[in-house]
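Notes follow the structure.
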Amino acid sequence: TIVMFGDFECGYCRSLFRNMLPLKDKYKGKVRWVFKHWPLNNNCNKVMKGVQHPQACIAAKASNCAGAQGKFWPMHDEVYSQDLRLNAPNLREWAGKAGADLAKYDICMKGTEPHEKMNEDIRAGRFARIAGTPRTYINGHLVPGVVATEILEHFIKSGIAAAKNRPAAKTVAKTQHNMVQAATAAATFWIDAYEGSIDADGNARSEPNVQPAEASWLDAKRACDKAGKRLCSEEEWVSACTNAPAVDNNSNGNFIDDEVEGTLYPYGNFPEGGNCNDNQLSGGSAVPTGSMPRCKSPSGIFDMSANLAEWTGKTPQDGRLSGTDFRWGAKSTCLDRQKRFGLGYRNNTTGFRCCADQPVPPPGKAKLVQHTRHGA
């Protein structure tokens, strides 16, 4: 069941509708779609303090009048598909396109019944503490913002699998020298369990309860090489983060823009507040490595989301930031890439970890340096 609280004058809601649209036919009979009105307009939604969307109330009323004739979803799709201005004449025209009898529609628009239906949705939204739109719940789990089609489909597949009582695959990972074994489709490899720090000799280190280095791609590459490891490729990083071998579904040479093969978050299929540094509990900076014990992948890799975005790429041509940093809150996931920055870019949101074909013993005990610089 997918429940969306929406506003017909909300541009973000329109974007989410377009992402949902291809899945409605694909999963017909398997997914229950629910729409609840949350107009951002104090004239019909007294929870709102003002009027952000002046046509939101009449649009919600029009959809309910079409719904009284069994045409809510055609009207819903018609309104969100239009880029024209919302107003009474356009809404009446779209109701006709949706198959509504316009004489009955006109009578309904003069009555109170559509307001009563809207008020039921608003009461539900108050209990859910809705403050803006869109707000989406998938099997009761909040999934905020404009979610990509691929992510929505991942949630749908997870829900269908759960309904069939298929237990999630359990991973018993090998751990050695603070490295965890993981696998791509082609081979196994080892990845640091903790975000990288850098010692006084320039070695990358993977240790718990230290401040991770704020590094550029160049810093990370040098430190991993010095420690006898390598900077992880995007394929390795995504495979480790999702706990399943990544697949380049669209054959474009990238792995972070594809379907989710494993878990979307290091701590499961849905965000759970407080597991990671997703509430900015540290006041807007990275927390020490491994200091949030529930913020780890099923195989035991810590902080692959919501602490620092991490540099990946074995060559300069492949260098990019993978994953999300502490600013993303509940939207933090494995599948995000930032490619607009140069290889020398670093600030308090950029980090790294290393990979290797075999577990690599840590270097000698040189003092860790505070390898940070707040700014690009």
Side-chain angles (χ1 to χ4, degrees), residues 171-243 245-246 255-256 266 286 288-291 296-297 299-305 307-323 334 341-346 350-373:
T171 302
V172 180
K174 295 180 180 179
T175 304
Q176 192 172 348
H177 300 312
N178 281 342
M179 300 190 78
V180 176
Q181 191 174 48
T184 63
T188 58
F189 64 98
W190 293 76
I191 184 169
D192 287 343
Y194 303 100
E195 287 178 310
S197 52
I198 301 175
D199 67 23
D201 292 332
N203 296 292
R205 306 187 76 98
S206 172
E207 297 181 4
N209 299 313
V210 300
Q211 199 64 27
E214 298 168 6
S216 67
W217 182 90
L218 298 170
D219 298 329
K221 178 73 165 58
R222 282 193 295 264
C224 288
D225 288 349
K226 185 76 183 295
K229 305 177 185 179
R230 63 171 179 269
L231 194 59
C232 302
S233 69
E234 183 183 85
E235 180 182 8
E236 291 171 332
W237 194 93
V238 173
S239 298
C241 192
T242 61
N243 203 49
F255 294 86
I256 214 164
T289 57
S291 60
K296 62 180 178 180
S297 72
S299 58
I301 307 169
F302 287 84
D303 303 318
M304 292 197 82
S305 176
N307 205 34
L308 294 178
E310 298 182 13
W311 285 103
T312 60
K314 298 178 182 179
T315 66
Q317 292 74 23
D318 296 329
R320 65 202 64 178
L321 283 166
S322 295
C334 294
F341 302 117
L343 301 182
Y345 176 84
R346 66 181 175 101
T350 64
F352 74 100
R353 71 184 72 218
C354 309
C355 288
D357 292 329
Q358 299 294 331
V360 178
K365 281 288 183 182
K367 182 179 179 182
L368 291 177
V369 297
Q370 191 70 14
H371 201 264
T372 58
R373 178 176 60 185

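- Residues meeting the side chain to side chain donor-acceptor pair (under 3.5 Å) test with Glu195, sequence neighbours left out: Asn307.
- Note that CE of Met304 and CZ of Arg353 are 5.0 Å apart. Values are rounded to the nearest 0.5 Å.
- By the ring-ring contact (aromatic ring centres under 6.0 Å, His included) test, Phe189 is found to be paired with no residue, residues two or more places apart in sequence or in another chain being considered.
- Considering only residues two or more places apart in sequence or on other chains, Tyr194 meets the ring-ring contact (aromatic ring centres under 6.0 Å, His included) condition with Phe302.
- Shown here for Ser197 and Val210, the closest heavy-atom pair between the two residues is OG-CG2, 3.9 Å.
- Closest heavy-atom contact between Asp303 and Pro288: OD2-O, 4.3 Å.
- As summarised for Cys224 and Cys355, their two SG atoms remain at a distance no smaller than 2.5 angstrom, missing the threshold.
- Note on Lys221 versus Asp225: salt bridge recorded, some NZ/NE/NH1/NH2 to OD/OE distance being below 4.0 Å.
- Pro316 is linked by a side chain to side chain contact (heavy atoms under 4.5 Å, CB included) to Trp217, Leu343, counting only residues two or more places apart in sequence or in another chain.
- In this view, Asp201 satisfies the side chain to side chain donor-acceptor pair (under 3.5 Å) rule with no residue, not counting sequence neighbours.
- For Ser297, the side chain to side chain contact (heavy atoms under 4.5 Å, CB included) partners are Ser299, Ile301, not counting sequence neighbours.
- The backbone N or O of Gly344 lies less than 3.5 Å from no partner atom in the side chain of Arg346, so there is not a single donor-acceptor pair.
- A search for side chain to side chain donor-acceptor pair (under 3.5 Å) contacts involving Asp199 returns Asn203, Arg205, not counting sequence neighbours.
- Side-chain atoms of Thr350 come within 3.5 Å of backbone atoms of Ala215 as a donor-acceptor pair (strictly under, hydrogens ignored).
- Residues that satisfy the side chain to side chain contact (heavy atoms under 4.5 Å, CB included) test with Ala246, not counting sequence neighbours, are Val238, Ser239, Phe255.
- In this structure, CD1 in Ile191 is found 12.0 Å from CD in Gln181, a value given to the nearest 0.5 Å.
- The distance from atom CH2 of Trp311 to atom CG of Leu231, rounded to the nearest 0.5 Å, is 9.5 Å.
- Among all heavy-atom pairs drawn from Gly300 and Lys296, the shortest one is CA-CD, 4.2 Å.
- If you take OG on Ser291 and CG on Asn209, they are separated by 6.5 Å, rounding to the nearest 0.5 Å.
- In this structure Arg230 satisfies the salt bridge (Lys or Arg N to Asp or Glu O under 4.0 Å) test together with Glu236, Asp357, sequence neighbours excluded.
- Taken as a pair, Cys241 and Cys334 meet the criterion of an SG-SG distance shorter than 2.5 angstrom.
- Note that the CG atom of Leu321 and the OH atom of Tyr345 stand 8.0 Å from one another [nearest 0.5 Å].
- Take Thr312 and apply the side chain to side chain donor-acceptor pair (under 3.5 Å) test, not counting sequence neighbours, and it matches Ser322.
- For residues 182-192, every residue pair satisfying the side-chain hydrogen bond (donor to acceptor under 3.5 Å, both in side chains) rule, not counting sequence neighbours, is listed here: Asp192-Lys229.
- Not counting sequence neighbours, the partners of Pro245 by the side chain to side chain contact (heavy atoms under 4.5 Å, CB included) test are Ala185.
- A pairwise comparison of heavy atoms in Cys354 and Cys232 identifies C-SG, 3.4 Å as the closest pair.
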